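Below is one structure, written out as structure tokens; the observations come after it.
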Amino acid sequence: MSAHADGTAPPRIPNPVRRGFGDRLRQIRYRAALAYYRLWRAAGGPDYLAEITFWEEILSQRPSSLFDRRVREAAFPPELRRCAAEFRRDSVRLPRLLELGSGPVSILASGIDDGLFTVVAVDPLARLYRYLLRFYGVTYPIQPLPGRGETLLKQFIPASFDIAYSSNALDHTGSPRRCLEQLCRVLRPGGFLLLEGFVREGTHGNWSGLHQHDLLAEHGSLTHLDRAGRRTNLTEDLPLTCVSERVCQFKDRGIEAFGYEVSPDMPPDPPWNYQDWYTLLLRRL
Ligand SMILES: C[S@@+](CC[C@H](N)C(=O)[O-])C[C@H]1O[C@@H](n2cnc3c(N)ncnc32)[C@H](O)[C@@H]1O
């Protein structure tokens, strides 16, 4: 998100979770992981710290919006309801959905509330997120597994998912193109791939932290621009066909109430509300 509060200490609330020996050990491991990510960043690796700080700030406040069914429903992408309904017409089982880069609180919770599909979420920070959820006493229906979009085939069988989804995460990865190749491989022919996120987030995020790619949907494809403005069509030669494409302002997408409004540091009508947000639905050939 553009709303990362880089480096600032998150506000603390009285902690409702009882602390035992196991929790203290987990806390030590968490601090050690933060130190590791700090060193990795100093050595030129990806900047996961800003991401962790951002989510810790949200989770530490346990925003009621995360547990409000109406807010979850508004955040849920309508395209996925249609994909799940189409799948259920031809099959008795629930579709199996893979989410790439879910963060600690996936915006697909409403799909679980409504029994639309089963979700397997992967995120490189899954272990830290699990710790934060536990530490702040937040229970959530989707918990990511540790994993990276670039190496999905190390974890999953080819063609083993009916739907794949990613929100605001492809442009946080090291290689969006490699992630798309892997997503295509784990998706069965006829399966759906729904991608959404901020248009040109690298530019909007000042190319800081994990914001190292500009992405946008155009002419049924996902386009990548690097810092120098070099343009690549990321989906052109992949076995995918476009089903639908739309762009709206972030404030009209329905996600903005989902936890993001709670920080006292965030203005009531932040500039990223007016940033463009793409939604691209593709189908695996
Ligand atoms: C801004 S968050 C988006 C979270 C959630 N999808 C949402 O829209 O609220 C970006 C997520 O992408 C994850 N991420 C970063 N690199 C990744 C990679 N190589 N593969 C998968 N996820 C990655 C980050 O850890 C982070 O949780």
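Whatever order the structure lists them in is the order used to number ligands and atoms, beginning at 1. The first residue in the sequence is number 1, and the count goes up from there. As the structure is a computational prediction, the values presented were derived from the model and not from experiment.
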query: CZ/Phe161 to CZ/Arg96 distance, rounded to the nearest 0.5 angstrom?
result: 4.0 Å
- request: Show which atoms of ligand 1 fall inside a sub-4.0 Å distance from at least one heavy-atom site of Leu125.
  value: 25 (O)
message: Any side-chain to backbone donor/acceptor pair from Gln212 onto Trp207? Under 3.5 Å, distance only.
response: yes
statement: Taking every heavy atom of Leu108 against every heavy atom of Pro77, the minimum-distance pair comes out as CD2-CD, 3.8 Å
- prompt: Going by the atom numbers of ligand 1, which of them fall below 4.0 Å from some non-hydrogen atom of Ser102?
  reply: 4 (C), 5 (C), 6 (N)
- prompt: Taking only heavy atoms of Arg148, which atoms of ligand 1 are found under 4.0 Å from at least one of them?
  reply: 20 (N)
- request: Compute the shortest N/O to N/O distance between Ser167 and ligand 1 and return yes if it is under 3.5 Å, no if not.
  value: yes
- prompt: Would one find an N or O of Trp55, backbone or side chain, under 3.5 Å from an N or O of ligand 1?
  reply: no
message: Any carboxylate oxygen within less than 4.0 angstrom of a Lys/Arg side-chain nitrogen, looking at Asp23 and Arg134?
response: yes
field: Counterpart residues, side-chain contact (heavy atoms from CB on, under 4.5 Å), relative to Arg81 (two or more places apart)
entry: Glu73, Phe76, Ser110, Asp114, Leu116
task: Give yes or no for whether the N/O distance cutoff of 3.5 Å, strictly under, is met between Asn168 and ligand 1.
output: no
- request: Just let me know how Tyr129 lines up against ligand 1, side chain, backbone, both or neither, with a heavy-atom cut-off below 4.0 Å.
  value: side chain
- request: Output yes when Arg177 and Glu181 qualify as a salt bridge under the 4.0 Å nitrogen-oxygen rule, no when they do not.
  value: yes
query: Counting both backbone and side chain atoms, is some N or O of Gly101 under 3.5 Å from an N or O of ligand 1?
result: yes
field: Subset of ligand 1 atoms that lie under 4.0 Å from at least one heavy atom of Thr173
entry: 16 (N), 17 (C), 18 (C), 19 (N), 20 (N)
field: side chain to side chain donor-acceptor pair (under 3.5 Å) partners of residues 239-248, not counting sequence neighbours, each pair once
entry: Glu79-Arg246
